[in-house]
Amino acid sequence: MLKEKIVREIRKKGFITFDRFVEICLYDEEFGYYTKKRIGTYLGEDFVTAPEVSESFGKTVANYLEKRTLELSLPLKILELGGGKGFLAKDIVETLNPESYTILEVRKKPEWLKGINWVKSLKEVEPFEGVVISNEFFDAFPFKRIKKLNGELREVVVREKNGELYEDTVPFRGEIPCEIEEENEYCLFVGWKEFLKELFQKLKRGLFLTFDYGGKCREISGRKSFRAFRENRLVEDYLNYPGEADLTALVNFDYLSSALERAGFTVERLTHQSSFLLENGIEKFLEPGEVPQALMLLVDMGRKFKVLEATKVHSR
Ligand SMILES: C[S@@+](CC[C@H](N)C(=O)[O-])C[C@H]1O[C@@H](n2cnc3c(N)ncnc32)[C@H](O)[C@@H]1O
């Protein structure tokens, strides 16, 4: 079981950092949440994503990609990061019939998904001109939890006693990109910078579009960023069942923008998902009767989710 694996690792090291805990829980090859639990075509086990809510999401995105690739004279070659169960891919391929569509995803390709290349690592992607798209990808990276306690930054670690896991903190030596108040917590995603640097090498020229929940520093600081979801409910006792819950945090779009710029991209625009979908004609793609779906995409998710667009205009 995953808990025993974690306990063994902690016994060797004394504790594990929270990002290591998230990495094991989500991506352990045998028992990880994404690698083993959230597979198949079954919808909404612990949460529902926008492409799973309604086909109108993917069709609206496709409509936008058609317009933008024409404006930027880009070929319709698409790389989707963390494509999950393939719903967004299916809807974009059916609408646009692109030259190629590749999904980068650590878990297994769903058998029903046709006409799509599937890779597990960016290393397998040949340099290309086109589009990079993702939904809820950057929030699925491992993250540290940094707290301010008595004026000092400390990071959450996981220890064990008699086989049971518990949280503790140790001094944090690094920096965080937002100011936080006493007793507040900041979630620092690990690995974005390295990933975006490699992505910049693979994308010779193109458009980058990502959807995720979160906001700028001032919008997310003070809010509870770290959350664990199980069976569509927020849970507090996630240490009791590692690998069984989704562990996630709000995306800091200031930090993501600066990581993109540092990698070489030009950040074009950050907007609400609701504005993006309305500007790009979601009403044309909603089926009659899809009122709850429209409300979910435009109201519930619409303000919480943002869309960040960047470009790489000159090939380097
Ligand atoms: C929250 S899910 C979103 C899935 C899908 N985009 C959707 O909207 O339904 C995040 C996905 O990203 C994948 N993922 C996260 N980090 C990855 C990485 N570095 N390489 C490949 N896949 C990754 C996970 O396996 C997971 O399927």
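This structure is a prediction, so every number in the text was calculated from the model and none was measured. Order of listing sets the numbers, starting from 1, for every ligand and every atom in it. Both backbone and side-chain heavy atoms feed into the values below; hydrogens, waters and symmetry mates do not.
Using bins of under 30°, 30° to 60° and over 60° for the plane-to-plane angle, the ring pair F265/F208 lands in the tilted bin.
Between E105 and ligand 1, an N or O atom pair is found at a separation short of 3.5 Å. On a distance-only criterion, G82 and ligand 1 share at least one N/O pair closer than 3.5 Å. Considering backbone and side-chain atoms alike, D139 places every N or O at 3.5 Å or more from each N or O of ligand 1.
Residue-ligand proximity, P51 to ligand 1, at heavy-atom distances under 4.0 Å covers atoms 8 (O). Set against the non-hydrogen atoms of A140, the atoms of ligand 1 under 4.0 Å away are 10 (C), 15 (C). Each of the atoms 27 (O) of ligand 1 lies under 4.0 Å from some heavy atom of R107.
Closest heavy-atom contact between A50 and M301: N-CE, 3.8 Å. Taking both residues in full, the closest heavy atoms of F21 and L165 are given as CE1-CD1, 4.1 Å, listed atom of the first, atom of the second, then distance. Considering every non-hydrogen atom in both L286 and A294, the closest pair reads CD1-CB, 3.7 Å. Of all heavy-atom pairs between F138 and W192, the closest is O-NE1, 3.0 Å.
With a 4.0 Å cut-off on non-hydrogen atoms, Y27 touches ligand 1 through its side chain and not its backbone. The part of E52 lying near ligand 1 is the side chain, judged by heavy-atom distances below 4.0 Å. Using a 4.0 Å cut-off between heavy atoms, K120 makes no contact with ligand 1 at all. At a heavy-atom cutoff of 4.0 Å, ligand 1 is contacted by no atom of S134, backbone or side chain. With a 4.0 Å cut-off on non-hydrogen atoms, T49 touches ligand 1 through its side chain and not its backbone.
Figure legend: cation-pi geometry between R145 and F18, with NZ or CZ positioned under 6.0 Å from the six-membered ring centre and within 45° of its axis. Taking the centre and axis of the six-membered ring of F200, the NZ or CZ atom of K312 falls inside the cone set by 45° and 6.0 Å.
Counting only non-hydrogen atoms, the option in F137, F57, Y34 that gets closest to atom 1 (C) of ligand 1 is Y34.
At a 4.0 Å cut-off, not a single heavy atom of F195 sits close enough to ligand 1 to count as contact.
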Full working for salt bridge (Lys or Arg N to Asp or Glu O under 4.0 Å) between R11 and E160
CA-CA 8 Å; R11 283 187 180 152; E160 71 86 28; 2.9 Å; yes
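Annotation: Y64 is in aromatic contact with F276 [ring centroid separation under 6.0 Å].
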